[in-house]
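Let me begin by presenting the structure, written as structure tokens, before commenting on it.
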Amino acid sequence: MNDLIRDSLDHCVKCTICETYCPVSQVTPLFPGPKYVGPQAERYRGAGPSADSSVDYCSGCGICTQVCPQDVKIAEINSRARAKLWEKRGVPLRNQMIARPTVIGRLGTPVAPLANWALHNRAVRGLVQSLVGIHRDAPMPSFAGRTFQSRARRHHGPAGAPAVVYFHGCGTNYYEPLVGEMVVAVLEHNGFRVIVPPQDCCGLPLQSNGNFPAARTYVRRLVDRLAPHARAGLPIVSNSTSCGLMLKREAHEILGIEDADLKVVSESMYDLCEFLLRLHDRGELRTDFTSLPMTVPYHAPCQQRGHGIGKPALDLLALVPDLHMIELDVDCCGIAGTYGLKKEKYQISMAVGERLFKDITATGSDLAACDSETCRWQITHGTGVKSVHPIELLYRAYGLDRRARAGSVSLESQTARVSG
Amino acid sequence: MAAQNPSLSSLEADVLVIGGGSTGVGVARDAALRGFSTILVERRDLADGTTGRFHGLLHSGGRYAVKDPSAARECIAENRILRVTAADCVEDTGGLFVSTPWDDPEYGDQFLEGCRATGVPAEEIPVAEALRREPRVNPDIRRAFLVPDAALDPWKLVWGCARSAEEHGARILPYHRVLDLEVDGDRVVGAHVRSERSGEEFRIHATVVINAAGAWAGQIAELAHCAVNVRAGMGLMIAMNHRLVHMCVNRCKRPADGDILLPLRTACVIGTTDVFVPDPDQTEIRQDDIDLLLDEGEKLVPGFRQARALHAWAGVRPLFEDTAKVADTRDVTRSHALLDHSSREGIAGFLTITGGKTTTFRLMAEAAVDAACEQLGGPRPCTTAEVPLAGSESHTLYQISHRLAAREPVPQSEEIICECELITRSRLEDTIKQRDTTSLDDIRRLLRLAMGPCQGGFCIYRAAGILHQGGQVDHAGANQTLLDFLEERWKGVHPILHGDQLRQARLDDWIFQGILDVEHLPV
């Protein structure tokens, strides 16, 4: 069996570049650093259970792999080691829960007002922290009450137009359906018909919480839904940075899924801004933007580096007249999906994000932009500043908000209200 | 001749052991446990000869089951004993014999029959099961057999024996060379030795001298005008950067070159070759043999040639052949030879124990000390099959993850000096103090310092600095041991330089030449 991930440890020359970039080991002594838990510790992991629980303090941001000049798959080695750790010990109930956003979403959506009250209630959150281990202050988004899927079913796009498939992810479905509507509106504005197949979680939270078997089940189910479209030659776009990356690379590279359906889905998968920028490169993106006289700091999520696409949002937003984006050069906001929700990791997560929070606050802007939903919730939690997906700025610059049925929808109301 | 140091001018002992490999320290420990006053001398460091250069297999006996049944029987018996008494030196990896497409699958029947006849537990398992356990092994294997092979850490074993012997009153003297044997009429009565560190010369008087010099036993015996026809069979080994297999994987065929790949601590080792060499101190690593091992590795584990090789080294087997010459060293028995020179040449008080294998070192020691008892006033019972070695009292088998586990409670609390082998500053300082040594290579053998992927590129100057800080050496001494170490490491690195290790060597070279300018260090 070709084990390319483990084999990549052979490339390590101990240069320590990964250690100098790791946002987690810089703020806590509990994580010994990517070189240590990656190519070094891997040599001590035999056929039996591994002894190093400290690998669980890796947030999985993936920066180490990105900066490694020798192409060692450090984050991937760590991810697998974590899975092996939990395989032996059993994934804790807390991690099983937070790793299943669709289950949480389905439970919370019908009782959204009650669930949201509970999420914002200090006493309830205190109880949840002591019983379950989710930190009382951790940013938890509010349920929207109506899923994006149910909204999309009633939406009728332009017939006959070229089609694009939209993989919206759980965040959009349960917490930020309006973001999904904006994605659809922008794509339709550019002459596409948007297909929204029924879909479920991509399995990423399960993967990062070390439950590989369950993660594989979720990926396969999702891929089954998307593959027919991909085989038909349709592009698939996603506004969720990490879920898109899961389908592009991680399901194959980390979970080790070898599957023709996954392969065709991976090859058809585009990050939303990547897709729009490619349109622009071909001269097919509408540029009928109106002036948006604002200054907005932009944070590119760490997971976006894994896409290898640069920062397409900045190129797109540069097309909008009078919109001034400030590119922040902090690598990580600290949340890393579900990492920062955990009682024992919340403080680490906030310490990692501190520089980003400071830089955003220093701009004086009351709005920040970021592609990844969990990062946006963390930014809002850490700064009090509203944060939006870049698509919201494009949506507004196209004037689509003024045309929307409801008339004036303020930018702030589009993203989920974040508790904590 | 006059000894220079009156306090050491003459030492007395019941038993003088010559040779500090596994056999020698085994003999010294056995004799000490039986209550004999014992001194061991070794010309270099302990386990610096054959023992420290073997592949690390604790034989189940499977390898000898067909062609050398008595060796197989000895191996399985000693295997069972060492798992208990030397638990801290043994990792229970298990062993796998596989028939690759280059091997006759019918040999498997002979193998099973041989194992059955010699009492080596062997079980044929389905190929799919073997591949599940060892996913990297060649998927085209036709048969697979499980045996209780294990990995044995030679340095831990030797130092565990040495410490245990010392606890029972023995004196262990590494870096003491035997210059001559003292012969009084028809009796060996002691040896004239020199400390290689201080240059002092002195005598050791002993009732029995036991020659446990392994491949060098012939040279020692000559000093008493005795003949020991022990020949040196050189074997080449290559350590790979990480465990490509977690079990000891053997080709199921008659033992030949490059047919075993086994996990040893953090690395895995492919071995070996077997070539007669006239002088056990003159071993040469030939490129042809490197290629041969890598090619054979490829047959066991496809992709082997792309994997990172760290280091190559050669060891010499002591092959005892009492009579005629043999063309192929592989046909010499791996059982040991105990020679009582009183019956052979009429020289009393002198025994030679040689041949054998590290796996059977305890048995060899027992046989030698049993024979010595006859000249020391009658039998005394051997207890080495029951009494655990220093460090193995809890009978807990070594596990690969031990060093990781030791770091876990407070992961970043302490500076790591050797990152590849996870050696902390305090561990290094304690070891330097305990050994009272000036040599980084001695420290290496105790701790595996600089034996990982960077081969000292990031740790060895740190260690040299700590050696200097501790007052063991002055600045010139620290520089000298650093240079000696680099030279020694380089011998093992340059024959396998390609791919990832070449890249590492370039980075190391920039550090050593570009930053430290090692070639101009004041020494």
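Residue numbers start from 1 in every chain, and the chains themselves are labelled A, B, ... in the order their sequence lines are given, proteins ahead of strands.
- In this structure a side-chain-to-backbone donor-acceptor pair under 3.5 Å is present from A:R43 to B:N241.
- Distance check: B:E408 CD to A:S53 OG gives 5.0 Å after rounding to the nearest 0.5 Å.
- Closest non-hydrogen pair, A:Y44 versus B:I400, comes out as CD2-O, 3.4 Å.
- Contact detail for A:D10 and B:H242: the closest heavy-atom pair is OD1-CD2, 3.1 Å.
- For the atom pair SG (A:C12) and CD (B:Q504), the distance works out to 7.5 Å, reported to the nearest 0.5 Å.
- Residue-environment remark: NZ (A:K84) exceeds the threshold of 12 foreign heavy atoms within 6.0 Å.
- Heavy atoms of B:A406 lying under 4.5 Å from chain A are absent altogether.
- At a 4.5 Å heavy-atom cutoff, B:L131 makes no contact with chain A through either its backbone or its side chain.
- Here CZ of A:R6 is found 8.5 Å from CZ of B:R243. Values are rounded to the nearest 0.5 Å.
- Look at A:K14 and B:E419 and you find no salt bridge, because none of the NZ, NE, NH1 or NH2 atoms lies under 4.0 Å from a carboxylate O.
- With sequence neighbours excluded, the residues forming a side chain to side chain contact (heavy atoms under 4.5 Å, CB included) with B:R305 are B:D291, B:L294, B:D295, B:E298, listed by chain and number.
- Between A:V13 and the options B:D500, B:L507, B:D508, a side-chain contact (heavy atoms from CB on, under 4.5 Å) holds for only B:L507.
- Of the charged side-chain nitrogens involved, at least one lies within less than 4.0 Å of a carboxylate oxygen, so that B:R136 and A:D7 count as a salt-bridged pair.
- Across all non-hydrogen atoms, the minimal contact from B:I416 to A:Y36 is CD1-CE1, 3.7 Å.
- The parts of B:E421 that come within reach of chain A are both its backbone and its side chain, each placing non-hydrogen atoms under 4.5 angstrom from that chain.
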